[in-house]
Amino acid sequence: MAGLFQHPAPGEVQHWVAHALGIDQHAVRVECRRMGGGFGGKETQAGHMAVWSAIAANKLNCPVKLRLDRDDDFMVTGKRHPFAYEYSVGFDDSGRITGLKLLMAANCGFSADLSGPVADRALFHADNAYFLQDVEIASYRCKTNTQSNTAFRGFGGPQGVIVIENILGDIARQLGLDPLAVRRRNLYGVSERNVTHYGMTVEDNILEPLLSQL
């Protein structure tokens, strides 16, 4: 049986098709057009199409081409993970964060796919450019009845960044302060306040001079 599957991770497609048909991997030939860089949308989401096509081609003993229209494609294939957040934050009169308790819940869909590392990266990016002390972050990966969501550009980073920016905006509104001033108050320092909430020292920090120049 010969099959043609468009996919930038052909080894994975080869594995899935061989597993679905109960044959050796070397019996499956996978070809794909040249593509740009791909995260989960190009890494895992072709699996459905490849396996469905291969099963049909094997059953009917003829070439099979499967191309979903856009509506079906959006319904079946995974997207960027939607996140829900709950948080309690402590801060002083200048807007500097003194403590943060954060819950991040990722809508993973019906299967794990790349949800684990996506949710991990969101957790690690929850600081963005800001020093956080006395932090408790809980990350929940929620199985739901939707399509299996996957990695997109940023790979969970945007979902982490957006929550801390929202928190700083809320602090600024609560205190009646300039949102930029609150953000600058919380920036990572150079020789102190320069360790992330996961224990990494921030080096070559040019955040303050860069913001001043901008």
Side-chain angles (χ1 to χ4, degrees), residues 1-86 103-126 128 139-166 169:
M1 186 207 77
L4 178 65
F5 310 113
Q6 297 177 15
H7 194 276
E12 293 186 48
V13 165
Q14 183 186 48
H15 172 76
W16 293 326
V17 170
H19 182 72
L21 297 180
I23 60 178
D24 293 332
Q25 285 187 223
H26 72 265
V28 179
R29 178 185 174 191
V30 179
E31 297 180 6
C32 65
R33 295 175 180 175
R34 183 172 179 173
M35 292 185 176
F39 280 113
K42 298 176 185 176
E43 184 179 344
T44 62
Q45 295 299 296
H48 318 65
M49 306 284 284
V51 169
W52 299 338
S53 301
I55 291 174
N58 189 59
K59 176 73 173 178
L60 301 174
N61 197 30
C62 67
V64 172
K65 182 175 183 178
L66 180 59
R67 178 184 292 167
L68 300 181
D69 65 35
R70 183 55 73 192
D71 290 338
D72 290 333
D73 183 28
F74 265 78
M75 180 173 63
V76 171
T77 58
K79 312 298 182 296
R80 186 185 298 274
H81 289 72
F83 270 55
Y85 310 95
E86 292 181 1
L103 182 151
M104 312 173 79
N107 180 347
C108 301
F110 72 85
S111 75
D113 198 84
L114 294 168
S115 298
V118 166
D120 287 347
R121 186 172 289 270
L123 188 153
F124 294 135
H125 279 61
N128 194 19
S139 175
Y140 290 91
R141 296 91 197 268
C142 306
K143 183 177 181 180
T144 65
N145 65 339
T146 67
Q147 72 270 53
S148 182
N149 289 313
T150 187
F152 272 66
R153 181 65 63 181
F155 205 84
Q159 289 96 318
V161 168
I162 196 171
V163 66
I164 190 62
E165 293 296 341
N166 188 73

Exercise for the section: Please identify each residue that fulfils ring pair (Phe, Tyr, Trp, His ring centres under 6.0 Å) with Phe124, with sequence neighbours left out. Expected result: Tyr198
Exercise for the section: Taking side-chain contact (heavy atoms from CB on, under 4.5 Å) as the test, write out the residues that go with Asp69, two or more places apart. Expected result: Asp71, Asp72
Minimum heavy-atom distance [X]-[Y], with the two atoms named:
X	Y	answer
Gly154	Arg121	O-CD, 3.5 Å
Val13	Ala50	CG1-CB, 3.7 Å
Phe155	Pro117	CE2-CB, 3.5 Å
Gln159	Val118	NE2-CG1, 4.5 Å
His81	Ser115	NE2-OG, 2.7 Å
Ile164	Ala126	CB-O, 3.1 Å

Practice task
Sequence neighbours left out, what pairs pass ring-ring contact (aromatic ring centres under 6.0 Å, His included) with at least one residue falling in residues 47-71?
Solution key: His48-Trp52
Exercise for the section: Sequence neighbours left out, what passes side chain to side chain donor-acceptor pair (under 3.5 Å) with His15? Give chain and number order. Expected result: Gln25
Fill in the blank from the handout: For Thr144, the side chain to side chain donor-acceptor pair (under 3.5 Å) test, sequence neighbours excluded, returns Asn107, Thr146
Find out whether [X] and [Y] are in side-chain contact, i.e. whether some heavy atom of one side chain is under 4.5 Å from a heavy atom of the other.
X	Y	result
Asn166	Ile162	no
Val163	His125	no
Thr44	Trp16	yes

Exercise for the section: Drop me the distance from Ile55's CD1 to Leu60's CG, to the nearest 0.5 angstrom. Expected result: 11.5 Å
Completion exercise
By salt bridge (charged side-chain N to carboxylate O under 4.0 Å, His left out), Glu86 pairs with (sequence neighbours left out) none
Exercise for the section: Check whether any side-chain N or O of Ser111 sits under 3.5 Å from a backbone N or O of Ser148 as a donor-acceptor pair, and report yes or no. Expected result: no
Handout entry: Heavy-atom donor-acceptor pair, Lys79 side chain to Gln147 backbone, under 3.5 Å
Key = no
Handout entry: Intermediate values then yes/no, salt bridge (charged side-chain N to carboxylate O under 4.0 Å, His left out), Arg141 and Asp120
Key = CA-CA 10 Å; Arg141 296 91 197 268; Asp120 287 347; 2.6 Å; yes
